[in-house]
Amino acid sequence: MSKLRSLIKSELLIAIFLLVTVSAIAYLPFIAHFSYFNDDWYEMFATGTRGPLIFIDIFSVDRPARALLMIPLYILFGRNPFPYNVTAYLFRLFSGLSVLWGLRIVWPQQKRLALVAALFYLIYPGFLSQPNAIDFQSHIAGLCFATFSIALSLKAVTTKNLWPRILISGLSIFFGLAYLSQMEYYAGYEVVRFVLLFILAGQTEKTFFARLKRAVLWYLPFIVVPLLFFTWRLFFFQDVRKQTDIGTQLGGLITAPRHTILVWTATLIQSMADVIVLAWFVPFYGAFSNLSAVDEFVGLGVALIAILIAWISLRNISSEPASEDGWQRENLWAGFVIVAGGLIPIIVANRSVDFADLSRYTVISMFGAVMMLAVFVDRLKSFGFQLGFVLLLIGIAVITHFSNGDSYARYADSNNMFWWQVSWRIPQMKQGTTLVVNYPFGQAGEDYTIWSPANLIYYPQSQSQKFIDPAIYAALLNHDAVDKVLTQKGVEYDTRRGSIHTFRNYSDILVISQPTIDSCVQVMDGKQTELSSYEDERLMLMAPYSQIQDVIPGSHFQTPPQFPFGSEPTRGWCYYYEKASYARQVGDWQTVVNLGDQADKLRLAPQDLIEWMPFLQGYAHFGNQTRLTELAHFIKSDPFVKTQACRILTGMQLDSSTTSLVSSLYCVSK
């Protein structure tokens, strides 16, 4: 019994408990709602057509070893995003535990500070791509491999017996090559390894040069990691992707060295400020400000639970005397060097930290940033101030990740709802259709976030045996697309990662829009344009070119697959609107009216007034003047929609009394 009590009170067990519970609170609340994001879309479409071995082709252009991780994961998980998110969390957790292990070796007298730094590292709020678990599996796994390799190397050099030391060193080298094989820009972790070895050498060597010599000797067995990898990368591997080709990225240094160095220096300074300081405030503000009032309350409650657990845990770890000024200065500089070393490979590749889209570039330098934070905590003389500062940062980080997870979950739910509505509206699409889509949650950044979900629903198999050739394509909603649609520029071909072939036909587009999150999906008919008052102006210009004949009529409607679209949503107003819009397209006015009457009995009504249009036409077709009069009350509140109603209804073949009523209700200004 006494052994059990001592185990429960073990500082190491308390530390592990703290890392597990706080990280779970930060990362897991919305994990069941995460779906496909960004590159996940084309990867999952490709694997569905060719199986997991297609990862070999996809990653062969820049990081071929990623296939070695993704193939077995796909065999285990298939297209279900949930288990990928679970493994991503576990990799993230193990990376934090590895940091704790490594720092306890180099800071043997500062176990509480080692725990604080490891916790900050684990829930660092500057890295926001955790929910993007399929494509970022390699990033997060690489993070785990890197920190574990470094911890093993620290353990190896402190192991006295030869054969265990050789075995541990071999494992460290293996995981070192593993992390670089996933992400070559993680090479900055070799700076982390060397700096920690230098700090560790201070336990036996007192002068700077003696420590440097010891660190170099210790590092020599592990130098095989960057040497082997970059020898292969530079001399044997042909990188065909411009973004990851070393020669291409360094081209500016050769053609304009002075300008390039100045730009790199300015970018490095800004990115260092981002990683060390702004990462704790900018993502917090951006994520938390997007929460609803209810979610803000829940987020604060979740953060308070994490703070309470941290408060209890840290108070049960024995206090440590304040470190000497020399220790603080040394580790402050060590953290600074790691931050710079982690960013330099990114800066010379002409990238920089960007919390909105490129937060992944913080994952190396954040190791140094949390070391510097630990030193700052150590400099606070009062334990109360130390604890208060640590708890404040824990609260900020947990709220940031909670808010970020909520944002990803809302995006996934909105995306799933969008494509379920499309499936209610469109039985089948013509092969070769080019979609122009207006999403309610922000414009698509890449065309595959449009054509991949469309093909998963309508054409899940490749149209070619040689390449991944989807049947439906997409053009982004931007000014370039507007110009090409208006001038009917024809076809553009595109190849992604050497295996996925697509083209955009600006002369054959189908425009689909959900102007706001409260609107329904609206499929445009260029012969009868009807536009929401909330519609994007660029889409308004393209709507007259939308080819409604790309919607193939039929009695069988496609059911979106469970992964990633989930179960069918509740059939509310938008279900009746989509079905009525389709019935109008095929001229089935009786079904339009029946659907309108059913929606009315259920007390359903649109938030976007343009969605009354198919029902207005149905009632006008049958001369239902009572409903036309009732609905006019709503339509008159929006002059833009009223003008369209006048144009469309007066263009129909109606009896004289209905035509007169329509003119008086919808066409007369009052």
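Numbering of residues begins at 1 and proceeds along the displayed sequence.
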key: 4.5 Å side-chain heavy-atom contact, Arg92 and Leu143   = yes
Show me the donor-acceptor pairs within less than 3.5 Å that the side chains of residues 276-287 make with the rest of the protein, sequence neighbours left out.
none

ask   = Would Ser271 and Ile347 satisfy side chain to side chain contact (heavy atoms under 4.5 Å, CB included), going step by step from the backbone distance to the final call?
value = CA-CA 9 Å; Ser271 293; Ile347 303 302; 3.9 Å; yes
request  = Determine yes or no for a side-chain-to-main-chain donor-acceptor pair under 3.5 angstrom, with Asp135 supplying the side chain and Asp39 the backbone.
outcome  = no
ask   = Would Tyr189 and Val192 count as a side chain to side chain contact (heavy atoms under 4.5 Å, CB included) if you check the C-alpha gap in whole Å, the side-chain angles of each, and the deciding distance to 0.1 Å?
value = CA-CA 5 Å; Tyr189 266 104; Val192 179; 3.8 Å; yes
query = Do you know which two heavy atoms are closest between Asp274 and Phe355, and how far apart they sit?
reply = O-CZ, 3.5 Å
task = Measure the acute angle between the ring planes of Tyr448 and Tyr42, then classify it against the limits of 30° and 60° as parallel, tilted or perpendicular.
result = perpendicular
query = Is a salt bridge present between Glu43 and Arg79, judged by a nitrogen-to-oxygen distance below 4.0 Å?
reply = no
request  = Check for a donor-acceptor pair, side chain of Thr49 on one end and backbone N or O of Ala46 on the other, with a separation under 3.5 Å.
outcome  = yes
Smallest separation among heavy atoms of Ser23 and Ile123, with atom names = CA-CG2, 4.1 Å
task = Decide side-chain hydrogen bond (donor to acceptor under 3.5 Å, both in side chains) for Ser129 and Arg360; before the verdict, give the C-alpha distance in whole Å, the side-chain angles of both, and the deciding distance to 0.1 Å.
result = CA-CA 7 Å; Ser129 296; Arg360 61 184 178 272; 5.7 Å; no
key: Student check: side-chain heavy atoms of Met542 and Lys484 closer than 4.5 Å   = no
inquiry  = Distance check, rounded to the nearest 0.5 Å: Arg504 atom CZ versus Leu476 atom CG?
reply    = 7.0 Å
query = Could you walk me through whether Asp536 and Asn438 pass the side-chain hydrogen bond (donor to acceptor under 3.5 Å, both in side chains) check?
reply = CA-CA 8 Å; Asp536 186 288; Asn438 181 27; 5.4 Å; no
query = Is there a side-chain contact between Tyr506 and Leu486, using heavy atoms and a 4.5 Å cut-off?
reply = no
inquiry  = Would you call the rings of Phe127 and Phe136 parallel, tilted or perpendicular, taking 30° and 60° as the class edges?
reply    = tilted
key: Phe145 ring center within less than 6.0 Å of Phe174 ring center   = no
ask   = Hey, what do you get for CG (Leu228) to OG (Ser181), rounding to the nearest 0.5 Å?
value = 12.5 Å
request  = Please confirm whether the backbone N or O of Phe467 pairs with a side-chain atom of Arg50, one donor and one acceptor, at under 3.5 Å?
outcome  = yes
note = Heavy-atom closest pair (Phe418 atom, Pro440 atom, distance to 0.1 Å) is CD1-CD, 4.2 Å
inquiry  = For Phe30, run the ring pair (Phe, Tyr, Trp, His ring centres under 6.0 Å) check against Phe402, Tyr411, Phe82, Tyr89 and tell me which one passes.
reply    = Phe402
ask   = What heavy-atom pair brings Thr267 and Ser352 nearest, and what distance separates the two atoms?
value = CG2-CB, 3.4 Å
query = Side chain of Asn290, backbone of Ser403: donor and acceptor closer than 3.5 Å?
reply = no
message = Under a 3.5 Å distance rule, please check whether Glu184 uses its side chain to pair with a backbone N or O of Leu180 as donor and acceptor.
response = no
message = Would the distance check show the side chain of Asp40 and the main-chain N or O of Phe37 forming a donor-acceptor pair, the cut-off being under 3.5 Å?
response = yes
request  = Decide side chain to side chain contact (heavy atoms under 4.5 Å, CB included) for Leu393 and Leu373; before the verdict, give the C-alpha distance in whole Å, the side-chain angles of both, and the deciding distance to 0.1 Å.
outcome  = CA-CA 10 Å; Leu393 293 190; Leu373 275 176; 3.9 Å; yes
inquiry  = Can you confirm whether Pro564 sits close enough to Leu456 that some side-chain heavy atom of one is under 4.5 Å from a side-chain heavy atom of the other?
reply    = yes
remark   = Between the OG atom in Ser365 and the CD1 atom in Ile346, the distance rounded to the nearest 0.5 Å is 6.0 Å
query = Is the backbone N or O of Ala88 less than 3.5 Å from a side-chain atom of Gln130, with the two atoms forming a donor-acceptor pair by type?
reply = yes
ask   = Is the ring centre of Tyr473 less than 6.0 Å from the ring centre of Trp451?
value = no
request  = For residues Asn404 and Pro131, determine if any side-chain heavy atom of one lies less than 4.5 Å from a side-chain heavy atom of the other.
outcome  = yes
request  = Working to the nearest 0.5 Å, report the span between OG of Ser35 and CG of Asn416.
outcome  = 5.0 Å
request  = Verify the ring-centre separation between Tyr36 and Trp41: is it less than 6.0 angstrom?
outcome  = yes
query = Does the side chain to side chain contact (heavy atoms under 4.5 Å, CB included) test come out yes or no for His139 and Gln182, once each step is laid out?
reply = CA-CA 7 Å; His139 293 76; Gln182 297 302 300; over 6 Å; no
ask   = With no hydrogens and no angle check, is any side-chain donor or acceptor of His401 less than 3.5 Å from a backbone partner on Tyr124?
value = yes
message = Quick check against the 3.5 Å criterion: does Ser95 have a side-chain atom that pairs as donor or acceptor with the backbone of Ile140?
response = no
key: Closest heavy-atom pair and its distance - Leu122, Leu19   = CD2-O, 3.4 Å
task = Drop me the distance from Trp232's CH2 to Leu227's CG, to the nearest 0.5 angstrom.
result = 15.0 Å
message = Please evaluate residues Gln443 and Asn478 with respect to the criterion side-chain hydrogen bond (donor to acceptor under 3.5 Å, both in side chains), reporting the C-alpha separation (whole Å), side-chain torsions for both, the decisive distance (0.1 Å), and the verdict.
response = CA-CA 9 Å; Gln443 297 304 321; Asn478 54 36; over 6 Å; no
Would you list the atom pairs, donor with acceptor, under 3.5 Å between side chains in residues 332-345 and any protein atom, with sequence neighbours excluded?
none

inquiry  = For the CG atom of Leu200 and the CZ atom of Arg211, what is their distance to the nearest 0.5 Å?
reply    = 9.5 Å
ask   = Got Ile199 and Met371 here, is their nearest side-chain heavy-atom distance under 4.5 Å?
value = yes
Check: Ile468 main-chain N/O paired with Ser499 side-chain donor or acceptor under 3.5 Å = no
key: Heavy-atom side-chain proximity of Gln463 to His501 below 4.5 angstrom   = no
Geometric class of the Phe34/Tyr408 ring pair [parallel <30°, tilted 30-60°, perpendicular >60°] = perpendicular
task = Using the test side chain to side chain contact (heavy atoms under 4.5 Å, CB included), find all partners of Phe235 that sit at least two apart in sequence or belong to another chain.
result = Thr231
message = Quick check: closest heavy atoms across Ser507 and Gln488, and the distance to 0.1 Å?
response = CA-OE1, 3.4 Å
query = Side-chain contact, heavy-atom cut-off 4.5 Å: Phe367 with Leu196?
reply = yes
